[in-house]
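In this chain, residues are counted from 1 in sequence order. Everything quoted here is computed from the prediction, not taken from an experiment. All ligand and atom numbering here is 1-based and tracks the order in the structure.
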Amino acid sequence: MRKKLVAGNWKMHGSLAENAALLAALKPALAGIDAVVCVPFPYLAQAQAELAGSSIAWGAQNVSEQAKGAFTGEVSTSMLLDFGCKYVIVGHSERRSLYGETDQLVASKYVAAQAAGLTPILCVGESLEERESGVTEAVVARQLDAVIAAAGVNSLSKAVVAYEPVWAIGTGKTASPEQAQAVHAFIRGKISALDAGVAEQLVIQYGGSVKAANAAELMAQPDIDGGLIGGASLIASEFVAICRAAAK
Ligand code: 13P
């Protein structure tokens with residue numbers, strides 16, 4: 001059986017005091033359940049100090065594709081490793097749409113993360129316009145193909161894929177379990193055509209307005225293996241309930 005994994009993406013939220021309270025609540029409640037929190041860069045040291053030895057791993061929300069050098073404002077994979085990161089989100093839709101990250105740049109970040117021993121959480125997903133014009137599968141396939149071309153299908157055995165329909169992110173409008181399952185099955189089928197073993201083991205998370213109230217029916221879908229959680233990951237009781245629903 002595939003493992004299930006829920007990751008929180010805090011986005012640009014938090015403070016030292018807020019994070020301390022949130023992590024203190026999560027630690028005992030998630031004891032024995034694998035989970036991840038992806039925090040803003042300045043709080044990686046805090047996550048490391050608070051979470052070391054717990055079942056909660058931590059990671060970043062972005063990383064440079066460059067190893068080092070004159071890249072003002074960028075953060076490298078080795079810097080993430082210095083703070084004990086295990087995961088890094090690459091290709092989040094906000095990075096793609098607000099900061100112009102292309103499929104090729106995202107693939108470079110994915111390659112850099114894996115080369116450093118980090119597990120990339122590769123985000124894919126279509127906009128509302130793309131869904132309405134019937135190109136959801138084509139968009140998701142293109143986003144996956146960029147990574148497969150750069151790193152090979154086998155690389156997915158050391159990655160997590162997160163399907164996040166852009167129209168469901170932060171809108172309160174979640175994909176129905178059937179809509180999400182259909183795209184998850186498409187992703188697994190596409191990879192299975194290249195390597196059935198890799199596809200079978202691949203953790204595919206769903207993200208987009210996941211809450212405690214809708215987590216159970218999403219997580220019950222056969223190809224949904226966890227979630228990438230934005231807003232609800234900032235509320236301890238919500239995030240714990242989602243992690244527990246996935247672990248069932
Ligand atoms: P919300 O859960 O706030 O919709 O965000 C989803 C997301 O973008 C996680 O990466």
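Those atoms of ligand 1 that come under 4.0 Å of a heavy atom in Glu164, given as number and element, are 6 (C), 7 (C), 8 (O), 9 (C), 10 (O). When each atom of ligand 1 is checked for a heavy atom of Ala168 under 4.0 Å away, the hits are 4 (O). Short contacts between ligand 1 and Gly208, defined as distances under 4.0 Å to a heavy atom of the residue, involve ligand atoms 4 (O), 6 (C).
Applying the side chain to side chain contact (heavy atoms under 4.5 Å, CB included) test to Thr102 and every residue at least two apart in sequence or in another chain returns Gln104, Leu105.
Side-chain polar atoms of Glu164 and His92 form a donor-acceptor pair below 3.5 angstrom. Glu126 and Trp167 are linked by a side-chain donor-acceptor pair at a separation below 3.5 angstrom, with hydrogens and angles left out of the test.
Checked against a 3.5 angstrom limit, the closest N/O atoms of Ser209 and ligand 1 fall inside it.
Remark: Glu178 CD is packed, more than 12 non-hydrogen atoms of other residues, nucleotides or ligands lying under 6.0 Å away.
Shown are Lys3, Arg188, Gln205; of these, the side chain to side chain donor-acceptor pair (under 3.5 Å) with Asp225 is made only by Arg188.
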Practice task
Check step by step if side-chain hydrogen bond (donor to acceptor under 3.5 Å, both in side chains) holds for Gln181 and Asp223.
Solution key: CA-CA 6 Å; Gln181 165 59 25; Asp223 289 296; 2.8 Å; yes
Handout entry: Criterion side chain to side chain contact (heavy atoms under 4.5 Å, CB included) on Val37 and Phe239, from CA distance to verdict
Key = CA-CA 10 Å; Val37 290; Phe239 190 62; 4.3 Å; yes
Taking only distance into account, with no hydrogens and no angle test, what donor-acceptor pairs under 3.5 Å do side-chain atoms of residues 64-77 form with protein atoms, sequence neighbours excluded?
| from | atom 1 | to | atom 2 | distance (Å) |
| --- | --- | --- | --- | --- |
| Ser64 | OG | Gln66 | N | 2.9 |
| Ser76 | OG | Ser78 | OG | 3.2 |
| Ser76 | OG | Met79 | N | 3.3 |

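Contacts of Ala162 with ligand 1, taken as heavy-atom pairs under 4.0 Å, are absent altogether. Counting heavy atoms closer than 4.0 Å to ligand 1, residue Asn9 contributes side-chain atoms (C-beta onward) but none from N, CA, C or O.
Ligand 1 is never approached by Lys211 to a heavy-atom distance shorter than 4.0 Å. Residue contacts with ligand 1: Ala7 is excluded, as none of its non-hydrogen atoms falls under 4.0 Å. Residue contacts with ligand 1: Ala232 is excluded, as none of its non-hydrogen atoms falls under 4.0 Å.
Here the protein heavy atom with the shortest distance to atom 5 (O) of ligand 1 is Lys11 NZ, 3.2 Å.
Taking each of Gly231, Gly230, Gly170 in turn, the one with a heavy atom nearest to atom 4 (O) of ligand 1 proves to be Gly170.
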